[in-house]
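Encoded as structure tokens, the structure appears first; notes follow it.
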Amino acid sequence: MKTAVYPGSFDPISNGHLDIIKRSANIFDKVYVLVSLNPNKKYLFSESERVFMLKEATKDIPNVIVEASDTLVLDYAKKVGASVIIRGLRNFIDYQSEITLFQFNRSIDNSIDTFILFPSTDNLFLSSSSIKELVMFGNSITDYVPKGLDEYIATRIKERTNK
Ligand code: ADP
């Protein structure tokens with residue numbers, strides 16, 4: 001049984017994240033989507049809101065489990081018996097941080113490998129920040145976030161950015 005962990009901030013979830021989750025779920029027996037703590041980031045959505053959005057978006061994918069953790073991703077992976085960490089790679093900026101993260105993780109535990117997926121074309125330019133910007137400047141996010149979550153996401157962004 002091959003188990004993988006897909007960690008991230010998901011602040012908020014985008015169709016880019018969901019695409020990576022769906023494709024990973026087709027490859028691995030079990031995928032843990034992990035809302036993890038990045039000490040360098042300030043979040044707009046609470047941990048439980050990010051877990052809620054991910055659970056909603058993946059409710060029809062039986063081999064996906066959503067959780068949150070404030071431990072090292074590697075420790076979480078070991079706890080759930082995962083041997084692979086999944087990441088998405090959009091561009092050279094991602095490349096630089098992902099390869100650093102990969103090497104950091106390998107230096108701590110080389111029994112856990114990293115699996116990189118490129119975005120599908122529609123999601124190449126999509127990020128959690130671009131979703132926030134679209135809402136702040138009064139644009140629709142319906143095409144960029146999982147079905148049924150656009151209102152939920154837009155309302156909270158507006159509320160918290162006074163837009
Ligand atoms: P982090 O806080 O770790 O950067 P994010 O929530 O921004 O987490 O993203 C989690 C993972 O998903 C990262 O590997 C990121 O590169 C990837 N990702 C984010 N947006 C997209 C997208 N549009 N297409 C593919 N992968 C993406």
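We number each residue from 1, following the sequence as shown. Order of listing sets the numbers, starting from 1, for every ligand and every atom in it. Keep in mind it's a predicted model, so treat the numbers as computed, not measured. Below, all heavy atoms of this structure are taken into account, side chains as well, without hydrogens, waters or symmetry copies.
- For atom 16 (O) of ligand 1, the closest non-hydrogen atom of the protein is G88 O, 2.7 Å.
- Looking from atom 3 (O) of ligand 1 to the surrounding protein, the closest heavy atom is R87 NH2, 3.0 Å.
- Residue I20 has no nitrogen or oxygen atom sitting less than 3.5 Å from a nitrogen or oxygen atom of ligand 1, judged on distance alone.
- Ranking protein heavy atoms by distance to atom 9 (O) of ligand 1, first place goes to H17 NE2, 3.4 Å.
- Of all non-hydrogen atoms in V145 and N15, the two that sit nearest each other are C-OD1, 3.0 Å.
- Closest non-hydrogen pair, S69 versus T71, comes out as OG-OG1, 2.8 Å.
- Summary of contacts: the protein heavy atom closest to atom 21 (C) of ligand 1 is R90 CD, 3.7 Å.
- Checked by atom type, the side-chain pair D11/S128 shows no donor-acceptor distance below 3.5 Å.
- The only option from K132, R156, E49 that meets the side chain to side chain contact (heavy atoms under 4.5 Å, CB included) definition with P12 turns out to be K132.
- Ligand 1 has a nitrogen or oxygen under 3.5 angstrom from a nitrogen or oxygen of L126.
- R23 has a carboxylate O that lies under 4.0 Å from a charged side-chain N of D19, or vice versa, which qualifies the two as a salt bridge.
- With distances taken over non-hydrogen atoms, the option nearest atom 1 (P) of ligand 1 out of E98, R50, K41 is K41.
- Considering only heavy atoms from C-beta on, Y43 comes within 4.5 Å of N38 through its side chain.
- In summary, the atoms of ligand 1 found under 4.0 Å from a heavy atom of F10, numbered by their order in the structure, are 6 (O).
- A heavy-atom separation below 4.0 Å is not found between F125 and ligand 1.
- Residue contacts with ligand 1 for Y6 involve side-chain atoms from C-beta outward but no N, CA, C or O (heavy atoms, distance under 4.0 Å).
- Residue S9 has at least one nitrogen or oxygen atom sitting less than 3.5 Å from a nitrogen or oxygen atom of ligand 1, judged on distance alone.
- When heavy-atom distances to ligand 1 are checked against a 4.0 Å cut-off, D94 comes that close only through its side chain, counted from C-beta outward.
- With respect to atom 24 (N) of ligand 1, the closest heavy atom belonging to the protein is P119 CB, 3.4 Å.
- Put simply, the side chain of T58 never gets that close to the backbone of I61: no donor and acceptor are under 3.5 Å apart.
- M53 approaches F10 most closely through the heavy-atom pair CE-O, 4.1 Å.
- Using cut-offs of 30° and 60° on the angle between ring planes, the pair F52 and Y152 is tilted.
- By the 3.5 Å distance cut-off applied to N or O atoms, D11 is not counted among the residues near ligand 1.
- The shortest N/O to N/O separation between G8 and ligand 1 does not fall below 3.5 Å.
- Under a 4.5 Å side-chain heavy-atom criterion applied to ILVMFWY residues, the cluster that includes F104 comprises V5, Y32, L34, I65, L72, V73, L74, Y76, V80, I85, I108, I112 as well.
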